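Note that the structure is predicted; figures quoted are calculated from it, not measured. The basis for the numbers below is simple: all heavy atoms, side chains too, and nothing from hydrogens, waters or symmetry mates. Throughout, protein chains are lettered first and strands after them, A, B, ... in sequence-line order, and every chain is numbered starting at 1.
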Amino acid sequence: MAKLKLRGKDLIAIGYPQGKVISIAIDIMLRHYKRDRKDKVVQRLKTVLKTPEKYIGDGIMGKIAEELMQPVKVEAQKLNTQRAPFTIFGENEIQEEAKHQLYTALKLPVAKAGALMPDGHSGYGLPIGGVLATENAVIPYGVGVDIGCRMCLSIYDINVSYLEGHKDKYIQMLRDHSKFGGYEVHKNIPMHEIFEHKGFSEIPTVKKLKDKAFKQLGSSGGGNHFVEFGSVEITDPDNEFDIPPGKYLGILSHSGSRGLGANIAKHYTKLAMKQNPLPQEAKHLAWLDLNTHDGQEYWIAMNLAGDYASACHDDIHRRLSKALGSRPLTVIENHHNFAWKEEVEGKEMIVHRKGATPAGKNVLGIIPGSMTAPGFIVRGKGNEASLNSASHGAGRRLSRRKAKTMLTGSEVKKMLRDHGVTVLGGGLDEAPMAYKDIHKVMANQTELVEVIGMFTPKIVRMDKN
DNA sequence: ATGTGC
């Protein structure tokens, strides 16, 4: 009988990865099966390749299996030495660390342009307030962990004095219709078109999260998420809502895609870091090529998480509207942790905004201040240097840890009392003093947005510390 | 941000 002739190209032909596993496999097969028919040997190798985990510990095939299960070593990509063009707004108010995080991102081979908003501060990967345009690549941590996190404001034709006069009633409404960090807001599985989204049926990773998404619909998260009643003042007589200037009752909410988005972010950033390793300082900025299967999948999953975040706000506002017995005059909503396909300098790019509000020409948005400072309803000016963006809030002045050690409960209580604000839940890390002066931040972005109105919080509900 | 930990 003829001796087995097994070559590297035979293994590559059935899908073996280039590398030392090929010589190891040939060596083992020749040693143990040199009198067998080639097609039978190849079939054995195929089976091991398909399910190597079943052959771990096998006397003959174990070593091949082990080698197949070793992570493939991919050479780390180099960063460019030159930074892509960028603009920083309100530079004097931004800590160096956040700027350096942007500089690192601007050296990615896929980076084409960037910007940093005046509320910028350091984050994980791209800084908070960071905007980055890339070509045909999406960076999961350029979007952030809380995919699709957003603001939503409903404006009601209800006199704000009514809120002052019936405070307990409004407090109870927030207690009944907002849920923080929680599960099962609804007794039965909620009906919402979001659950028809193809991502839930087509992407295995997302499919596994559907039950969690059901249970968390209409809930808010922790940290800086909130649902609040407040006073809206419309100042622009030419506003697009046809609302006469004046004061109105408003409900403002801030939250994102809960466990669904967090798990999507975690899964795809892990994939990106494995497939596209980067030098240490940039490793969290690993991207997925949009022409790959995983890149396409992330794009669908990210959009689903964004729609889910929107559905959560919709659910909260709908229940509160019902409790109020009123319909909103208008609803304004914008997300600030996302990636969009947008035209930059005449070319389609992937624009990541991580804690930055879209501010294209005439695009509406909400920029909150703090519990004791107003937030602003804004209209974008379409500033190109900002990549059509603006800040997403006042930005942190104190890190969570610093706020907890430097601030005291009594001074925070006093400040809230002085401003006539009631807060349910929350901790020192969300105290007004932990945030920058929103007026200064707004002054640093007059080229980016114009103000249509303001929102002043009156009753705020947050997660229990 | 996260039923919160490589």
salt_bridge(E202(A), K207(A)) N-O dist < 4.0 Å: no
Just the rounded figure in Å: distance from P of dT2(B) to OH of Y268(A). 20 Å
What nucleic acid atoms does G222(A) come within less than 4.0 Å of, heavy atoms only: base, sugar-phosphate, or nothing? sugar-phosphate
Any carboxylate oxygen within less than 4.0 angstrom of a Lys/Arg side-chain nitrogen, looking at K381(A) and E447(A)? no
Just how far, in rounded Å, is C1' of dA1(B) from CZ of R400(A)? 9 Å
Whole angstrom is fine here: how far is it from OH in Y308(A) over to P in dT2(B)? 11 Å
Mind checking if G221(A) touches a base, just sugar-phosphate, or nothing, with heavy atoms under 4.0 Å? sugar-phosphate
With a non-hydrogen cut-off below 4.0 angstrom, is N337(A) in contact with a base, only sugar-phosphate, or nothing? nothing
Can you tell me how far P of dT2(B) sits from CG of L260(A), to the nearest Å? 12 Å
Pick base, sugar-phosphate or nothing for E184(A), based on heavy-atom distances below 4.0 Å to the nucleic acid. nothing
Quickly work out the D146(A) CG to dT4(B) P distance and round it to whole Å. 16 Å
R258(A) side chain near dA1(B) phosphate (N/O to OP1/OP2, under 4.0 Å): no
Any chance the rings of F214(A) and F195(A) have centres within less than 6.0 Å? yes
Between F180(A) and F226(A), is the ring centre distance below 6.0 Å? no
Interatomic distance where CG belongs to D463(A) and P belongs to dT4(B) [whole Å]: 13 Å
Under 6.0 Å between the ring centres of Y141(A) and Y124(A)? yes
Could you tell me whether K212(A) contacts a base, only the sugar-phosphate backbone, or nothing, with contacts defined as non-hydrogen atoms closer than 4.0 Å? base
Interatomic distance where CZ belongs to F180(A) and P belongs to dA1(B) [whole Å]: 12 Å
Using atom NE2 of H225(A) as one end and atom P of dA1(B) as the other, report the distance to the nearest whole Å. 5 Å
